[in-house]
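What follows is a single structure, written as structure tokens, with notes after it.
Sequence positions, counted from 1, serve as the residue numbers for this chain.
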Amino acid sequence: MALKSIFSSIGDRSSLGQKVAVKIDEAILNKELSIGDKLPSEHELCEQFKVSRTTVREAIKILTTQGIVEVEKGKGAFVRSISSQSVIDGILKFYQHRMAGEYPIDLTHARQAIEPCIAYYAALNRTENDLQKLGEHYKQQLVNKNDNWISFKYDMAFHIDLAYASKNKVFILMLIPLIQFKFEIELKAGDDPDIALSWHKKILEAVKDRDAKSANKFMIDHLQIAEKEHSKSILSKHSQSILRNI
């Protein structure tokens with residue numbers, strides 16, 4: 001029995017592996033292939049796309065790396081259920097490999113758009129367990145403030161705790177890759193953790209008191225100061241670069 005042809009010839013021969021991967025991904029998004037479905041065999045994909053086995057293998061490798069497809073030895077490639085972690089990992093990889101320019105400022109502007117709302121809803125919706133995690137991560141950041149790596153690790157955890165406390169799944173998916181990227185940048189920059197600690201304390205108290213307006217305002221103030229600090233750092237590096245070239 002002949003199998004229904006899902007795909008057609010690619011046409012343009014540049015970056016074929018990536019193009020095949022995109023087409024398969026589109027078929028999954030359009031529900032032509034569902035979670036758990038087996039992809040057409042390697043031979044069938046070659047026939048449908050009019051490409052070589054090497055190209056199909058490259059496409060499957062791309063989709064496997066992205067967490068969209070899972071290859072079972074001896075059985076074939078299957079559509080995976082996309083987890084929140086695979087989405088987060090994909091966004092973080094995009095930030096790491098594609099973002100250019102003054103990303104500390106770009107990153108802070110993005111955070112300014114969502115984190116005050118996160119703090120607001122964290123104050124309204126937090127549980128005692130959320131409050132305990134926030135308090136513990138604030139304490140660990142304070143105790144380890146002289147160790148950049150550990151301090152920033154708990155800084156990152158504090159902001160992620162707020163997203164979970166908000167009980168908004170979209171906030172969580174948006175914030176985690178931003179915060180993880182923030183961690184990488186600030187660790188290299190060597191920012192002063194005392195500035196973050198002072199605002200984290202105020203935000204923690206507001207969340208504890210279920211004072212949503214204050215939590216929102218403190219986060220706005222916190223990120224405005226972060227933007228100023230990043231701007232100073234960028235200006236300083238730019239000035240040093242100019243002096244080195246004189």
Side-chain angles (χ1 to χ4, degrees), residues 1-107 109-111 113-114 153 156-157 159-160 163-164 168-188:
M1 179 179 174
L3 291 171
K4 178 185 174 183
S5 178
I6 300 174
F7 306 107
S8 59
S9 174
I10 285 292
D12 182 5
R13 301 318 246 196
S14 61
S15 305
L16 283 179
Q18 183 65 48
K19 288 185 177 181
V20 170
V22 168
K23 290 292 184 182
I24 295 173
D25 188 30
E26 286 175 354
I28 295 168
L29 292 173
N30 293 332
K31 308 298 182 184
E32 294 175 65
L33 289 166
S34 301
I35 292 168
D37 281 355
K38 182 180 177 181
L39 266 60
S41 70
E42 191 176 276
H43 175 72
E44 289 164 344
L45 289 172
C46 290
E47 287 292 316
Q48 292 183 34
F49 285 117
K50 307 300 182 191
V51 296
S52 68
R53 287 181 180 271
T54 300
T55 296
V56 168
R57 288 169 184 167
E58 181 188 350
I60 298 301
K61 184 177 180 181
I62 290 168
L63 293 168
T64 302
T65 301
Q66 293 173 344
I68 296 169
V69 162
E70 183 175 19
V71 176
E72 295 185 19
K73 193 172 182 179
K75 294 183 179 180
F78 296 83
V79 180
R80 285 187 61 187
S81 174
I82 299 175
S83 67
S84 59
Q85 190 58 52
S86 67
V87 174
I88 289 166
D89 290 344
I91 296 171
L92 179 59
K93 285 178 183 176
F94 177 86
Y95 290 157
Q96 291 168 331
H97 297 294
R98 297 293 182 88
M99 285 189 71
E102 312 290 6
Y103 20 82
I105 298 298
D106 293 341
L107 179 60
H109 288 166
R111 293 176 61 206
I114 62 171
K153 173 185 172 183
M156 178 173 69
H159 285 269
I160 292 172
Y164 278 104
N168 185 311
K169 292 179 181 179
V170 177
F171 281 157
I172 295 167
L173 288 175
M174 291 172 67
L175 186 70
I176 291 177
L178 283 175
I179 292 299
Q180 289 177 338
F181 195 47
K182 160 194 181 314
F183 176 77
E184 293 181 9
I185 292 170
E186 292 192 357
L187 187 60
K188 292 174 185 176

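For the atom pair CG (Leu63) and NZ (Lys61), the distance works out to 12.5 Å, reported to the nearest 0.5 Å. Going from atom CG of Leu175 over to atom CD of Gln180 covers 9.5 Å, rounded to the nearest 0.5 Å. For the atom pair CD1 of Ile24 and CD1 of Ile68, the computed distance is 9.5 Å after rounding to the nearest 0.5 Å. For the atom pair Leu173 CG and Asn168 CG, the distance stands at 9.5 Å (nearest 0.5 Å).
For Glu26, the side chain to side chain contact (heavy atoms under 4.5 Å, CB included) partners are Val22, Lys23, Asn30, not counting sequence neighbours.
Considering every non-hydrogen atom in both Thr55 and Gly17, the closest pair reads CG2-N, 3.6 Å. Closest heavy-atom contact between Ala59 and Ala21: CB-N, 3.7 Å. Here the closest heavy-atom approach between residue Arg111 and residue His159 is recorded as NH2-CE1, 3.2 Å. Shortest non-hydrogen contact noted between Ala163 and Ile172 is O-CG1, 3.7 Å. A pairwise comparison of heavy atoms in Val20 and Phe49 identifies CG1-CE1, 3.5 Å as the closest pair.
Side chains of Ile176 and Tyr164 form a contact here, defined as non-hydrogen atoms less than 4.5 Å apart. Side chains of Leu178 and Ile114 form a contact here, defined as non-hydrogen atoms less than 4.5 Å apart.
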Let me check something: any side-chain donor-acceptor pairs from residues 36-43 under 3.5 Å, sequence neighbours excluded? List them with distances.
| residue | atom | partner | partner atom | Å |
| --- | --- | --- | --- | --- |
| Asp37 | OD2 | Ser34 | N | 2.8 |
| Lys38 | NZ | Lys75 | O | 2.8 |
| Ser41 | OG | Glu44 | N | 3.1 |
| Ser41 | OG | Glu44 | OE1 | 3.3 |
| Glu42 | OE1 | Arg57 | NE | 3.0 |
| Glu42 | OE2 | Arg53 | NH1 | 2.7 |
| Glu42 | OE2 | Arg57 | NE | 3.2 |
| Glu42 | OE2 | Arg57 | NH2 | 3.0 |

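For the pair Lys31 (side chain) and Ile28 (backbone), a donor-acceptor distance under 3.5 Å is absent.
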